[in-house]
Amino acid sequence: MGTEWQVTFWYLVVFMTVVLLAKIVSIVVAGRNIVSQGVFFLAPSLCIVVWEARRRVGRAEVWKLVLQSLIAIALLVVAYMFYVPLYSGMLWWQQAYLAVLPFWLLLEAMQGACRLLWLCTGKIIPLISNSPWRAGTVAEFWGKRWNLLFGDWLRQVVFQRFSRKPRKAMLMTFLLSGFMHELLVSLPYQVVYDKSVWGWLTAYFLLQYMAILVEKRLLRSYHMCNRIFFWCAVIVPVPLVLNQGTLLIFHLGG
């Protein structure tokens, strides 16, 4: 196995460990019996409360879901075959910006594949990606639009438990998110390449926390300015999150 696949392998090992622990924590916090939640351990969700609240899918929605899922998967394949090779020789930070598109498609394709696999249950799985381009604020992007696999879990386990102090709850949420992403990216990258990107992802999420504070205090009444600020806050520091480790793990450059 080449080093480019070793780092992906270690990512998957860490990812499965984090997912298992996250599911156990979600079950315990929700007051459920761990033994009775066998199916949940196989489910594409980390938050037991959100998983239990999933609704039945209507017949009219089935073909729409199938079409959306197949399109997302097809676009990801095209991106890996033709788009990623176009920028693979550039500087890594340039690759980071150009990798935003295939990274988003990767999330959409993962959601699509999960939807297809779980259609046989007759219920629609919780969203992982909820049209992130429609977000108008940094808070909306992280709270309702992007990577809800972790977002729903963080809301249940961290934010709601400290909801009486919203600022503290938000800070702890972003810090834990940063720590979890450090384990997923920085640890495999260190193990395989003996190089460090520790702290980069945490720094990115702390910037997002500060951006939310700024928009709530200064931009609440200026929707157009807030939208521009949102895109700048999320995209400008993107090399911190799509760093060399992330690019190599997901084969998006590096």
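Residues: numbered from 1 along the sequence shown.
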Are any side-chain N or O atoms of [X] and backbone N or O atoms of [Y], one a donor and one an acceptor, separated by less than 3.5 Å?
X	Y	answer
K23	C47	no
Y97	V236	yes
Y83	L76	no
S177	T173	no
R155	G143	yes
Q68	L65	no

Measure up the W104 and W133 rings against each other and bin them: parallel (under 30°), tilted (30 to 60°), perpendicular (over 60°).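 Ring orientation of W104 relative to W133: perpendicular.
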
Would you call the rings of F205 and W142 parallel, tilted or perpendicular, where under 30° means parallel and over 60° means perpendicular?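 Perpendicular: the ring planes of F205 and W142 meet at over 60°.
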
Please determine whether the number of non-hydrogen atoms from other residues, nucleotides or ligands lying under 6.0 Å from atom CZ of F41 exceeds 12.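 Check passes, neighbour count above 12.
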
Using 0.5 Å steps for rounding, measure from the [atom1] atom of [X] to the [atom2] atom of [Y].
X	Y	atom1	atom2	answer
L219	I212	CG	CD1	12.5 Å
I249	F15	CD1	CZ	12.0 Å
F162	M172	CZ	CE	4.0 Å
L242	F103	CG	CZ	5.5 Å
L171	F159	CG	CZ	11.5 Å

T246 and V241: side chain to side chain contact (heavy atoms under 4.5 Å, CB included), yes or no, with the steps? CA-CA 7 Å; T246 309; V241 67; 5.5 Å; no

Taking atom types as modelled, is there a side-chain donor on [X] or [Y] under 3.5 Å from an acceptor on the other?
X	Y	value
W10	Q6	no
E182	W198	no
Q156	S26	yes
S129	Q111	no

Checking ring pair (Phe, Tyr, Trp, His ring centres under 6.0 Å) against F250, which of W5, Y80, Y11 comes through?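 Result for ring pair (Phe, Tyr, Trp, His ring centres under 6.0 Å) with F250: Y11.
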
Given side chains that start at C-beta, do those of [X] and [Y] come closer than 4.5 Å, heavy atoms only?
X	Y	value
L248	E4	no
L70	L116	yes
V77	M81	yes
P188	V14	yes
W146	V234	no
E52	R32	yes
I34	I27	yes

Salt bridge flag under 4.0 Å for residues E140 and R134: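 Salt bridge flag = no for R134 with E140.
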
Going by an N to O cut-off under 4.0 Å, is there a salt bridge joining R227 and E215?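 Not counted as a salt bridge, because no side-chain N and carboxylate O are separated by less than 4.0 Å.
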
I would like to know whether M224 and F229 meet side chain to side chain contact (heavy atoms under 4.5 Å, CB included); could you show each step before the answer? CA-CA 9 Å; M224 183 56 67; F229 176 77; over 6 Å; no

Checking L240 against L201 for the side chain to side chain contact (heavy atoms under 4.5 Å, CB included) test, could you report, in this order, the C-alpha distance in whole Å, the side-chain angles of both residues, the deciding distance, and whether it holds? CA-CA 6 Å; L240 290 173; L201 289 118; over 6 Å; no

Closest approach of T8 and H251, non-hydrogen atoms and distance?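 Distance-wise, the nearest heavy atoms are OG1-NE2, 2.8 Å.
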
Could you walk me through whether R55 and I124 pass side chain to side chain contact (heavy atoms under 4.5 Å, CB included), step by step? CA-CA 6 Å; R55 63 177 177 80; I124 190 168; 3.7 Å; yes

Report yes or no: is the cationic atom of R115 (NZ for Lys, CZ for Arg) closer than 6.0 Å to the six-membered ring centre of W118, at no more than 45° off its axis?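 Ring-cation test returns no.
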
Taking L127 as the starting point, is it possible to reach I125 by hopping between hydrophobic residues whose side chains are less than 4.5 Å apart?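 Different hydrophobic clusters.
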
Looking at F150 versus H181, is the centre-to-centre ring distance below 6.0 Å?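 Yes.
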
